[in-house]
Each structure stands twice: as structure tokens, then as C-alpha cells.
2 protein chains.
Amino acid sequence: MLKETNLRMTRQRRVILEELRKMDGHPTADKIYAVVRKRLPKISLGTVYRNLEVLSVLGEIQKLELSGSQKRFDCISDFHYHIRCTCCDRVDDAPMGPLKDFENRINGETSFKVLGHRIEFVGLCPDCRENPTSPGLKKFIPPNHLHVEK
Amino acid sequence: MLKETNLRMTRQRRVILEELRKMDGHPTADKIYAVVRKRLPKISLGTVYRNLEVLSVLGEIQKLELSGSQKRFDCISDFHYHIRCTCCDRVDDAPMGPLKDFENRINGETSFKVLGHRIEFVGLCPDCRENPTSPGLKKFIPPNHLHVEK
DNA sequence: TTTTTTATTGAACCCGATGGCAACACTGCC
DNA sequence: GGCAGTGTTGCCATCGGGTTCAATAAAAAA
């Protein structure tokens, strides 16, 4: 799929893709940068960002834009939602299949043309729920913009 | 609720709250800064950020952390979801009540302690759907991290 | 090989947001 | 009133994710 877009499979682009496929979880750009740099020490962060963008537009990888944090990337499998730890920002897949036609629920009732939806669960990862002083702990203010059941 | 926290209702804090209550929509911090500065020309951006944070912790206002954009604030009414324009970043309330116990759907199936959820619709606002060159238009790449029905 | 086109590099830059800190202003208290 | 004590402000520097730019390198085309 590179042919018809005049894009080239450069060494950098290929290594980024290969390494991303080996990584599990939902790494951030700088994490990917760190890993790729072991094979290509001279690669620049800009190249990593640029190629992650290209690869995500091509559909080779998935770019996650979660709330209030840096972007994350992973290789595409099937669509799913995510759950994010409010303490350490760890992101896992949420065990819930896509809600089909979910956006149609509001389609006639808003002036927007609804194109999609995003669902994100928040909570505490196993480490942070047991060890509230785990590294990466941030002041935990219950996010009042979330719908938390009383 | 200021008493028991040793916080003071200063002039700046009060003006920020008053102005925010008059504004509709979901203004960003710099928008609030601009409005408040008409009454308090010497107020600093840092003060605005600090007080927005304080007010949101006190529950006086709501801090929205939507995906991939700056934070937005509004006065608290009842909980609701939001819809964001992918072109101009305009944010409206979504005409959909809170899904009660939504996070319980995954509660037994993840190692996380699920605390809440966030739902965000994305689409095109009336201006951008009719006038794709409206100010603020950004390159619209179909976000493949969304669940968009084919 | 030479030419043409696309990609990479490294640094500078952008922008939202935060932190440090001296000066300031409330709030008791004498 | 004068005086601590402490919360707050304004200012400025800084941070961090991310992007842009001119120069250079590399890949495809001729």
C-alpha cells in the first residue's frame, strides 16, 4: 500500500513498524523512540513522529488519542476501547466489544454530523490499587468530569 | 466550602467564577483569561490556571479533559457527555444522559479497579459541515482510533 | 549514472501548562 | 493600630509533547 501513495518503505519506517509490532501495550512516541534508537542510533524524534503519523494514516498502526495525556500507538488488531490508570497512565485494552451504531443514538438530536465516538474507562491498575505510592503516582483528584457512580 | 480548606475567596477567584458562569459553551483557559482580563487587567495567566484548578477541586466548576486538545472548563450542572468537532474543536454537550453503571460492564473482566468512564462523540459542527474551509479547519484525517461505522 | 523526488536530520520553535519565588494581602491576635 | 503567619498574586522561567525548517541523504526514475 505504499506504492500508490508514493511513499517509500525506508529503513527508519520499517524499523519503527517492526519494533512497534514487537512491543506490547500502548507505547508512547518517546518510548518507541527509545527502542528504535537501539537499532538506529541516529534517528531523530521528528522522524519517529512523522512515521507514526504516516503509518497510522496507512492503517498499519493505530494512534490513540486519550484524554489529557500523550498520544499512544499500537499495531492494529480489531477495534476496541481502552482503560487508563489515573495514577500511572498505564493503558490497557478494555474487555468490551465496539458498540455498534452507538453514535446513532444522538444523531437526530444534535446539530453536529456525528462521525464516531470514543469510550475510555478510567480506574486504577493492579499496581496502583495495591501500592498507592508506586512510581508515577500523581495526586489523585477524583475527576469530577467523569461519571463515577456514587 | 472555602472555610474548612483555608482557601480564600479572593477578588481574582471570584471574578473567574462569575465570568465562567456567564459564559456558555466550554471555554478554554486562555479564553477565560481574555474575558477576566477585561475586569482585572493585571491578572496573570498562571493565576487563572491555578484558580481554575482550585475551583474544579472544590467542585464549583468542571474541568473537561477531552482527547487531544487543551483543557476546557465550565460551570457544573448535571453530568453529561460531550461532542467535539474534529475540524474546529468546538465542544457541545451531547444529548444523552449518563449511562448508569456503565463501567460495571467490564468490572469483573479487567485487572483494573474501574472507577468511571468517559464518552466523547466526534463529528462536524454545523459550520464545518457546511463550510469546510471555515476558520480553524485542520486537515481532517479520519481518526482510525475511533469506531466509525462503515 | 545522472536526475528527480521523497525522506531524514538536528535544531529551532510553538504552545499549553506548570513551578519557583519575591511581593502582596488577608486573617487573627496582641 | 501594629504584627506575625499564611494563602495568593504576578512575573518569569521552564517544561514537555509535538511540529517546522533548511540542509542533507537516500531512494526511485530516467
Side-chain angles (χ1 to χ4, degrees), chain A residues 1-17 19 26-34 36-37 39-58 60-61 63-73 84 89 91 136 138-139 141 143, chain B residues 1-17 26-34 36-37 39-58 60-61 63-73 84 89 91 136 138-139 141 143 145:
Chain A
M1 75 291 294
L2 291 173
K3 301 271 177 59
E4 60 269 25
T5 54
N6 285 337
L7 294 173
R8 292 169 184 170
M9 182 48 79
T10 61
R11 187 160 156 66
Q12 290 85 344
R13 194 163 289 168
R14 183 166 33 76
V15 170
I16 290 172
L17 188 53
E19 290 303 322
H26 306 79
T28 56
D30 58 306
K31 188 80 186 278
I32 297 165
Y33 176 52
V36 168
R37 207 139 65 130
R39 288 177 60 187
L40 304 174
K42 300 210 61 178
I43 199 172
S44 75
L45 182 58
T47 300
V48 172
Y49 272 109
R50 198 177 325 105
N51 281 314
L52 287 172
E53 185 63 31
V54 169
L55 290 169
S56 84
V57 170
L58 288 177
E60 289 289 325
I61 67 173
K63 177 171 66 173
L64 312 181
E65 298 191 45
L66 304 180
S67 64
S69 62
Q70 37 193 149
K71 290 171 185 152
R72 289 166 178 274
F73 302 84
R84 186 167 57 84
D89 262 344
V91 174
K138 288 183 277 189
K139 61 180 178 224
I141 298 169
Chain B
M1 72 292 293
L2 291 172
K3 302 271 178 59
E4 60 269 24
T5 54
N6 285 335
L7 294 174
R8 295 168 184 168
M9 181 50 78
T10 60
R11 188 159 156 66
Q12 291 85 342
R13 194 163 288 167
R14 182 165 34 76
V15 169
I16 290 172
L17 188 52
H26 305 80
T28 55
D30 58 306
K31 188 80 186 276
I32 297 164
Y33 176 52
V36 167
R37 211 142 60 134
R39 288 177 58 188
L40 304 174
K42 300 209 63 176
I43 199 172
S44 74
L45 182 59
T47 299
V48 171
Y49 271 109
R50 263 191 306 258
N51 281 314
L52 287 172
E53 185 63 31
V54 169
L55 291 169
S56 85
V57 171
L58 288 177
E60 290 289 326
I61 67 173
K63 177 170 65 173
L64 311 181
E65 299 190 45
L66 304 180
S67 63
S69 61
Q70 37 192 148
K71 289 173 184 151
R72 290 167 178 274
F73 302 84
R84 187 168 57 85
D89 262 346
V91 174
K138 289 183 278 187
K139 60 179 180 230
I141 298 171
H145 53 288

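Values in this document were obtained by computation on a predicted structure and should not be read as measured data. Letters A, B, ... mirror the listed sequences (proteins, then strands); counts begin at 1.
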Next on the checklist: If you compare every side-chain N and O of R11(A) against the phosphate oxygens of dA26(D) (OP1, OP2), does one of them come in below 4.0 Å?
Outcome noted: no

Checklist entry - Can you tell which of dT18(C), dT19(D), dG17(D) lies closest to the side chain of K71(A)? => result dT19(D)

Item to check | Interatomic distance, F73(B) CZ vs dG16(C) P [rounded to whole Å] | outcome: 13 Å

Item to check | Interatomic distance, Y33(B) OH vs dC15(C) P [rounded to whole Å] | outcome: 15 Å

Checklist entry - When you check every protein heavy atom under 4.0 Å of nucleotides 22-30 of chain C, what one-letter string (B, S, -) results, 5' to 3'? => result ----B----

Checklist entry - Does a side-chain heavy-atom distance below 4.5 Å link L40(B) with Q12(B)? => result yes

Checklist entry - Nearest heavy-atom pair of V91(A) and H26(A): which atoms, and what distance? => result O-ND1, 3.0 Å

Next on the checklist: Between Y33(B) and T28(B), does the side-chain contact (heavy atoms from CB on, under 4.5 Å) criterion hold? Intermediate values first, please.
Outcome noted: CA-CA 9 Å; Y33(B) 176 52; T28(B) 55; over 6 Å; no

Checklist entry - NA contact type, D30(A), heavy-atom cut-off 4.0 Å: base, sugar-phosphate, or nothing? => result nothing

Checklist outcome for this item: Closest non-hydrogen contact found for T47(B) with I16(B) is O-CD1, 4.3 Å

Next on the checklist: In this structure, how many angstroms lie between the P atom of dT6(D) and the CG atom of L7(B), rounded?
Outcome noted: 15 Å

Checklist entry - Does a side-chain N or O from Y49(B) land closer than 4.0 Å to OP1 or OP2 of dA17(C), or not? => result yes

Next on the checklist: Distance criterion of 3.5 Å, no angle test: do you see the side chain of R50(B) paired donor-to-acceptor with the base of dG10(D)?
Outcome noted: yes

Checklist entry - Could you give the CG-to-P distance, from L45(B) to dG19(C), as a whole number of Å? => result 14 Å

Checklist entry - Are any of T10(B)'s side-chain N or O atoms less than 4.0 Å away from OP1 or OP2 of dT8(D)? => result no

Next on the checklist: Need one value for I43(A): base, sugar-phosphate or nothing, where a base atom within 4.0 Å counts as base even if backbone is also close, heavy atoms only.
Outcome noted: sugar-phosphate

Checklist entry - Under 4.0 Å: is that the gap between some side-chain N or O of N51(A) and OP1 or OP2 of dT8(C)? => result yes

Checklist entry - Would you say T47(B) reaches dG10(D)'s phosphate, i.e. side-chain N/O to OP1/OP2 under 4.0 Å? => result yes

Checklist entry - Once you round it to whole Å, what is the distance between C1' of dA28(D) and CE of M9(A)? => result 15 Å

Next on the checklist: Measuring to OP1 and OP2 of dG10(C), would you say a side-chain N or O of K42(A) lies under 4.0 angstrom away?
Outcome noted: yes

Checklist entry - Any side-chain heavy-atom pair from L52(B) and K71(B) closer than 4.5 angstrom? => result no

Next on the checklist: Is it the case that the side chain of R72(B) and the backbone of E65(B) share a donor-acceptor pair, with hydrogens and angles ignored and the cut-off at 3.5 Å?
Outcome noted: no

Checklist entry - Between dT8(C) atom P and E53(A) atom CD, what is the distance in whole Å? => result 14 Å

Next on the checklist: Tell me the interatomic distance from L40(A), atom CG, to dA25(D), atom P, rounded to whole angstroms.
Outcome noted: 17 Å

Checklist entry - Taking only N and O in the side chain of Q12(A), is any of them less than 4.0 Å away from OP1 or OP2 of dA26(D)? => result no

Item to check | Value in whole Å for how far the P atom of dC15(C) lies from CD of Q70(B) | outcome: 11 Å

Checklist entry - Are S67(A) and R84(A) linked by a side-chain donor-acceptor pair shorter than 3.5 Å? => result yes

Checklist outcome for this item: Minimal heavy-atom distance between M9(B) and L17(B), with the atoms involved, is CE-CD2, 4.4 Å

